[in-house]
**Student:** 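Could you have a look at this structure, given as structure tokens, before my questions?
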2 protein chains.
Amino acid sequence: MKRIHVKKGEILQRRGELDSKVYHVVSGLLRSYTLDEKGKEHIFMFAHENWTVGDNLPKDVPCELYIDALEESDVWVLQKDIKREAQNVGAFLKRLSVLQKRIIMLMSASAIERFEHFEKTYPDIIQRVPQKMIASYLGIAPETLSKIKRERYK
Amino acid sequence: MKRIHVKKGEILQRRGELDSKVYHVVSGLLRSYTLDEKGKEHIFMFAHENWTVGDNLPKDVPCELYIDALEESDVWVLQKDIKREAQNVGAFLKRLSVLQKRIIMLMSASAIERFEHFEKTYPDIIQRVPQKMIASYLGIAPETLSKIKRERYK
DNA sequence: AGAATCCATTAATCTACATTAAGAAATGAG
DNA sequence: CTCATTTCTTAATGTAGATTAATGGATTCT
């Protein structure tokens, strides 16, 4: 846990890095964002005074967010040595990362991509709920989901 | 903390309730969802075996999610007596609730509504970042944000 | 079993928002 | 101060996905 000073525009984290840190803003303003295939930015979160940004993934999983400074900032950099806090916190982290992924998908992925991601992530749930509920989860109309699947297998 | 058995279709929680609980699924399948003004359902999350659902709000804040059972289920019902766990967990809960709200907005609100919500929630950040970044956060094109604001004040 | 409800699929039409392009305004660097 | 870059606005056109509606097949209820 150390304190750093960053200038405007400085990049603190890039997608794909391992052992990503958590950043707690003392002063200034950070932002985390993703880049889609077309190179378009999707801002995931702004973090100003007393707020925290960072992927919430285990140390051995590559992170998905870029983090940079929108203003000159003072920041605490926290290691994620989760072990000691164990179970409880681990569960929170898992939920945070699921929600994060969900937001990223809603913002940057098409209906088809969202469905394909869902298929991979929750293969069992697909069998257990009606399609219209999957559509509702994905944020698309049931008719659209139907169309997607048709085009997919033809 | 008690264990309950619920039948398919049973409603465990309605939007607006205070002192909402957290539900941990032992067997079966739950779902949480919102209803928009048009009465349309937007599923926030499926929770199957060993997963957890629930708003992550303080006891005195009305919850935003409905929760019901998609299958006959066994569930642990947990009180949210957060006090003892203090700071750390409190911060997680806050982050979870922000992400939850974000997903709900992305799924059920129009561009204008998302902007108005952002205005209210982060009045200070609006002053500090370019509009195109706010658009990127809201998941809309900068041109659309520009149009929205024009129509708004005319 | 028969009735009623729910669900998936298709097709036609509609709409919110994206994209593109171009000029005006603001910001910043030297 | 001035030129360059970034940002904002406006308008024209395009498109992914919503909406509506109709049909047939499954489920569930009595």
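Letters go in sequence order (proteins before strands), and every chain restarts at 1.
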**Student:** In whole angstrom, give the distance that lies between atom CD1 of I148(A) and atom C1' of dT9(C).
**Tutor:** 14 Å
**Student:** Tell me which nucleotide among dC7(C), dT7(D), dT19(C) gets nearest to the side chain of E143(B).
**Tutor:**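 Given the options dC7(C), dT7(D), dT19(C), the side chain of E143(B) is closest to dT19(C).
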**Student:** Any heavy-atom pair between the side chains of Q13(B) and K21(B) that's under 4.5 Å?
**Tutor:** no
**Student:** When you measure from the side chain of P130(B), which nucleotide among dC7(C), dT9(D), dT7(D) comes out closest?
**Tutor:** dT7(D)
**Student:** Just call it for A111(B): base, sugar-phosphate, or nothing, with non-hydrogen atoms closer than 4.0 Å on any strand.
**Tutor:** sugar-phosphate
**Student:** Tell me, do E10(B) and D68(B) make a side-chain contact under 4.5 Å, heavy atoms counted?
**Tutor:**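 In short, these two side chains do not touch, never coming nearer than 4.5 Å.
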**Student:** Please tell me which of the listed nucleotides, dC17(C), dG17(D), dT19(D), lies nearest to the side chain of I112(A)?
**Tutor:** dG17(D)
**Student:** What's the spacing between F115(A) CZ and K120(A) NZ if we round to 0.5 Å?
**Tutor:**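 Interatomic distance, F115(A) CZ to K120(A) NZ, rounded to 0.5 Å: 11.5 Å.
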**Student:** In whole Å, what is the span from the CD1 atom of I140(B) to the C1' atom of dA16(C)?
**Tutor:** 11 Å
**Student:** Could you state the interatomic distance from OG (S97(B)) to CG (D55(B)), rounded to the nearest 0.5 Å?
**Tutor:** 9.0 Å
**Student:** Kindly point out which of dG17(D), dT9(D), dC7(C) is positioned nearest to the side chain of Q131(B)?
**Tutor:** dT9(D)
**Student:** Do E71(A) and H48(A) have side-chain atoms, one donor and one acceptor, less than 3.5 Å apart?
**Tutor:**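 No, because no side-chain N or O of E71(A) sits under 3.5 Å from a partner of the opposite role on H48(A).
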**Student:** Start at the 5' end of DNA chain C and walk down; is the nucleotide closest to R114(B) or to K132(A) reached first?
**Tutor:**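 So the residue in question is K132(A).
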**Student:** Counting heavy atoms from C-beta on, name the nucleotide in dA8(C), dT19(D), dA18(C) closest to the side chain of A141(A).
**Tutor:** dT19(D)
**Student:** Classify G139(B) by what it touches in the nucleic acid, base, sugar-phosphate, or nothing, heavy-atom distance under 4.0 Å.
**Tutor:**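 Sugar-phosphate, backbone atoms only, no base.
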**Student:** Within the pair K40(B) and dT19(D), is there a side-chain N or O less than 4.0 Å away from OP1 or OP2?
**Tutor:**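 So the side-chain polar atoms of K40(B) do come within 4.0 Å of the phosphate oxygens OP1 or OP2 of dT19(D), strictly under.
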**Student:** Tell me, please, whether Y66(A) has R31(A) positioned over its six-membered ring: NZ or CZ under 6.0 Å from the ring centre and within 45 degrees of its axis?
**Tutor:** no
**Student:** Rounded to whole angstroms, how far apart are CD on E113(A) and C1' on dG17(D)?
**Tutor:**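 It is 14 Å, rounded to the nearest whole Å.
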**Student:** Whether R150(A) contacts dA11(C) is assessed here as follows: a side-chain N or O lying under 4.0 Å from the phosphate OP1 or OP2. Is that the case?
**Tutor:**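 Indeed, a polar side-chain atom of R150(A) lies that close.
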**Student:** Whole-Å distance between dT7(D) P and K147(B) NZ?
**Tutor:**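 For the pair K147(B) NZ and dT7(D) P, the rounded distance is 22 Å.
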**Student:** Take atom CD of E151(B) and atom C1' of dT9(D), then tell me their distance rounded to the nearest Å.
**Tutor:**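 Rounding to the nearest Å, CD of E151(B) and C1' of dT9(D) are 13 Å apart.
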**Student:** Separation of I134(B) atom CD1 from dT7(D) atom P, in whole Å?
**Tutor:**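 After rounding, the gap between these two atoms is 13 Å.
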**Student:** Output yes when a side-chain donor or acceptor of E113(B) lies under 3.5 Å from a complementary backbone atom of S110(B), and no otherwise.
**Tutor:** yes
**Student:** Mind checking the NE2-CG spacing from H42(B) to L65(B)? Nearest 0.5 Å is all I need.
**Tutor:**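 Interatomic distance, H42(B) NE2 to L65(B) CG, rounded to 0.5 Å: 12.5 Å.
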**Student:** Rounded to 10°, tell me the angle between the two end axes of the helix from dA1(C)-dT30(D) to dG30(C)-dC1(D), each built from five pairs.
**Tutor:**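 One end axis against the other gives 60°.
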**Student:** Just the rounded figure in Å: distance from C1' of dG17(D) to CG of L106(A).
**Tutor:**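 Taking CG of L106(A) and C1' of dG17(D), I get 14 Å after rounding.
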**Student:** Measure NE2/H42(B) against C1'/dA18(D) and give the value in whole Å, please.
**Tutor:**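 After rounding, the gap between these two atoms is 12 Å.
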**Student:** Whether T144(A) contacts dA18(D) is assessed here as follows: a side-chain N or O lying under 4.0 Å from the phosphate OP1 or OP2. Is that the case?
**Tutor:**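 Yes, such a contact exists.
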